[in-house]
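Since the structure is predicted, the reported quantities are computational estimates derived from the model, not experimental observations.
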Amino acid sequence: MTEPLDRVSPQADLIWENLIKLSEKLPFTELKDLKSKLACYEFDPESNVFQHKGESLNLINLWLTKEQQPIELTAINQNGLAIGGKLQPFLLNDTYAFDLALYPENPDRDIAPEELYLFEPSSLFLDCSENTLGETIWFYGETPVRDAECQDAADTLVTNFLKNTQFTARLVDEGKGKLLKVPLFEYEIKQENQPNKLYKILVWINNQAINPDFTSAYDNLLGALWTRHKIEYVYPQGRESYKKARKIYSELEAKIKEFKQDLPLEELQKLLESMPELSMQYQRQLRNLQAHYTTIKTNQINYQNYLQEFWRSGDIPSWGEFGENTCKRYLDQIETYLSYIQPGKDLIGEFINTLRGLVEIEQAKCDRQLQQTLQKNEEKEKEKERNLQNTIQAVGTGIGVGVGFAGILAAGYPLIEKPWDFPSPQHPLLPPHPFIIALVLSCLGGGGLGWLAWFWTKRHLNAKSSPQQTSLPSPQNQLPSGDV
């Protein structure tokens, strides 16, 4: 889902790197030079190495080799045992896969269970990444034992193969089953700290000297193993997606408990800003669960289609039960996960809408208060300016009136030339000089009239510039509406 259809996952080539690494223990020359033989690699002349192609391949069939043929492995000598092999690399839909067959170069050479260490068992369990679907190791042997003894032979073979490794085996279905009329035993292989069922061992013991028609069943058998690995790989991922979604939902519940409608605007905005990330994480896990369900359902159908081509009644029962019962249980469980997760998506949406509404309301209140404050400040500034202008006009008027009046009185300046005697014993009380009387009266008259002019002018201007309140008639004084 995360990769474009025309691109390849950056870790997809790990499967081929593992095969090349296998050549360190099983030194097949063809494995060392594997990149030069695969269509998914191209030679880079600048770096002088083969680079994995990032774009999707447009192949004419499933073969991933450039020659559209298996890669024959030149025999190697392992402590006196000549081992040959054949590698068949494939591109199965959107998945790299391979079939590596190892066998004695001499077909008449018998191999005892104690000699299986020569095949380097630990190296055959390839390293698994998060993109690895799984691995099936298939043993085929011929031995003239009775059916009741086949399971002991298979257990001995698996025990010796896993000796000196970190893997343990568990027999499935108690060995009750056959494939193409030949006894088949299936083992689940587990590793410490690895709960996923990535590895399987199948032991096919031909004790009847018959020639099973394996070639005709090969393609369908390969498809059945591939789709089963894919189902068992995807289902644990669905469980992980559910756990992650529950964790995200717990964080959401904590935020809802802390939420109050009377929170300050800044805290509401901070809470709202944290929600989109949680919502996207939650919806991503929901999308993953839905994709896992679709993947399991699609591969269940494909698995059953492959199986019905070669599986017959009486064959190994776990294979049929996997397609019918196990896959159904997986699908039912993921449906249960979805039924728990889906309501959380609606709750997140409602919570975000609630927060967004409250933030808009609180923001509108703050904007309104800010606007009112600005209007009041503007009115105060206008009032100050108006009062200043009125004062200037009133003072100017008062000064003008006072100066005019004083000027009229000051016209008596010629009085200064009139004679005036100082007080004497004969005339102890004499009136002031006429000019002094004129000057005093001019100042008093000019100042008084100026003050009166300033007072009345300012009062008139203030009354004229103040807003008028219009009184509406009371309802008792209004005429009744209607026809008269």
Side-chain angles (χ1 to χ4, degrees), residues 62 70 72-73 75 81-88 90 97-116 118-119 121 124 135-162 169-189 199-229 303-324:
L62 301 178
E72 298 292 338
L73 304 181
L81 175 64
I83 301 176
K86 181 173 64 175
L87 175 64
Q88 301 179 83
F90 303 109
F98 68 85
D99 178 6
L100 175 63
L102 300 177
Y103 41 77
E105 185 182 23
N106 181 3
D108 296 327
R109 169 71 156 85
D110 292 336
I111 299 177
E114 294 79 10
E115 294 180 292
L116 289 178
L118 298 175
F119 289 86
L124 293 177
E135 180 182 354
T136 297
I137 297 177
W138 188 303
F139 290 98
Y140 174 77
E142 297 178 359
T143 179
V145 298
R146 296 176 300 175
D147 287 351
E149 299 174 348
C150 286
Q151 180 177 335
D152 292 337
D155 290 343
T156 301
L157 187 125
V158 172
T159 300
N160 279 274
F161 184 74
L162 297 180
R170 184 184 71 85
L171 181 64
V172 179
D173 285 339
E174 298 181 356
K176 299 177 181 178
K178 295 184 177 183
L179 180 64
L180 303 178
K181 300 180 180 180
V182 175
L184 179 68
F185 301 89
E186 179 180 4
Y187 296 83
E188 287 184 354
I189 307 301
Y199 303 106
K200 293 183 182 298
I201 290 182
L202 298 175
V203 182
W204 207 22
I205 298 181
N206 187 352
N207 65 337
Q208 301 177 17
I210 64 175
N211 187 19
D213 189 10
F214 183 76
T215 303
S216 62
Y218 178 82
D219 290 342
N220 291 310
L221 183 59
L222 178 64
L225 293 174
W226 165 57
T227 51
R228 179 168 179 174
H229 274 301
Y303 175 81
Q304 292 175 324
N305 290 337
Y306 287 129
L307 203 63
Q308 70 180 2
E309 295 296 327
F310 65 87
W311 191 85
R312 299 292 180 266
S313 178
D315 285 352
I316 184 167
S318 63
W319 289 22
E321 291 176 359
F322 180 82
E324 293 292 336

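Residue Tyr303 comes nearest to Ala224 through the heavy atom pair CD1-O, 3.3 Å, listed as atom of the first residue, atom of the second, then distance. Heavy atoms only, all atoms of each residue included: Arg146 and Asn207 are closest at C-ND2, 3.6 Å. The two atoms that bring Ala169 and Tyr187 nearest to each other are CB-CD2, 4.2 Å, heavy atoms only. For the residue pair Glu72 and Gly85, the shortest heavy atom distance occurs at OE1-O, 3.8 Å. When all heavy atoms of Pro212 and Asn206 are compared, the closest pair comes out as CD-ND2, 3.9 Å. Thr136 and His229 get closest at one heavy-atom pair: OG1-NE2, 2.7 Å.
Taking the ring axis of Phe322 as reference, the NZ or CZ atom of Arg228 stays within 45° of it and closer than 6.0 Å to the ring centre.
For the atom pair CG (Leu124) and CD (Glu135), the distance works out to 7.5 Å, reported to the nearest 0.5 Å. One distance of note links CD of Glu149 with OG1 of Thr143; it measures 8.5 Å at 0.5 Å rounding. Rounded to the nearest 0.5 Å, atoms CG (Leu118) and CG (Leu102) are 12.0 Å apart. One distance of note links OG1 of Thr227 with CG of Leu222; it measures 9.5 Å at 0.5 Å rounding.
Between the Ser216 side chain and the Asp213 main chain, a donor and an acceptor come within less than 3.5 Å of each other. In terms of modelled atom types and a separation under 3.5 Å, the side chain of Asp315 and the main chain of Arg312 share a donor-acceptor contact. Using a distance-only test at 3.5 Å, with no hydrogens or angles considered, a donor-acceptor pair links the side chain of Glu115 to the main chain of Ala112. Under the 3.5 Å distance criterion, the side-chain polar atoms of Gln304 are matched with a main-chain donor or acceptor of Gly323.
Contact of the Tyr103 side chain with the Ile111 side chain is not registered, since no non-hydrogen atoms from C-beta on lie closer than 4.5 Å. Side-chain contact between Ile201 and Trp138 is absent, with no heavy-atom pair separated by less than 4.5 Å. Residues Trp311 and Asn220 are not in side-chain contact: their nearest non-hydrogen atoms beyond the backbone lie 4.5 Å or more apart. Inter-residue side-chain proximity for Glu186 and Ile316 is flagged as met; some heavy-atom pair is nearer than 4.5 Å. Between Leu180 and Trp204 there is a side-chain heavy-atom pair separated by less than 4.5 Å. A heavy-atom distance below 4.5 Å is not found between the side chains of Phe185 and Leu202. Asn160 has its side chain out of reach of Val158: every pair of non-hydrogen atoms, C-beta onward, lies at least 4.5 Å apart. Side-chain contact between Asp147 and Lys178 is present, with heavy atoms from C-beta onward closer than 4.5 Å.
Other residues, nucleotides and ligands contribute over 12 non-hydrogen atoms within 6.0 Å of the CD atom of Gln208.
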*Under the side-chain contact (heavy atoms from CB on, under 4.5 Å) rule, what do Lys181 and Ile210 come out as? Steps first, then yes or no, please.*
CA-CA 9 Å; Lys181 300 180 180 180; Ile210 64 175; 4.3 Å; yes
*side-chain contact (heavy atoms from CB on, under 4.5 Å) between Leu184 and Trp319, intermediate numbers included*: CA-CA 11 Å; Leu184 179 68; Trp319 289 22; 3.9 Å; yes
_Set out, in order, the CA-CA distance, both residues' side-chain angles and the distance that settles ring-ring contact (aromatic ring centres under 6.0 Å, His included) for Phe161 and Phe119, then state yes or no._
CA-CA 9 Å; Phe161 184 74; Phe119 289 86; 8.3 Å; no
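Looking at Arg170 and Glu188, a side-chain N of the basic residue comes within less than 4.0 Å of a carboxylate O on the acidic one, giving a salt bridge.
Residues Glu142 and Tyr140 have side chains that bring a donor and an acceptor to within less than 3.5 angstrom of each other. Asp99 and Tyr218 share a donor-acceptor pair across their side chains, judged by distance under 3.5 Å alone.
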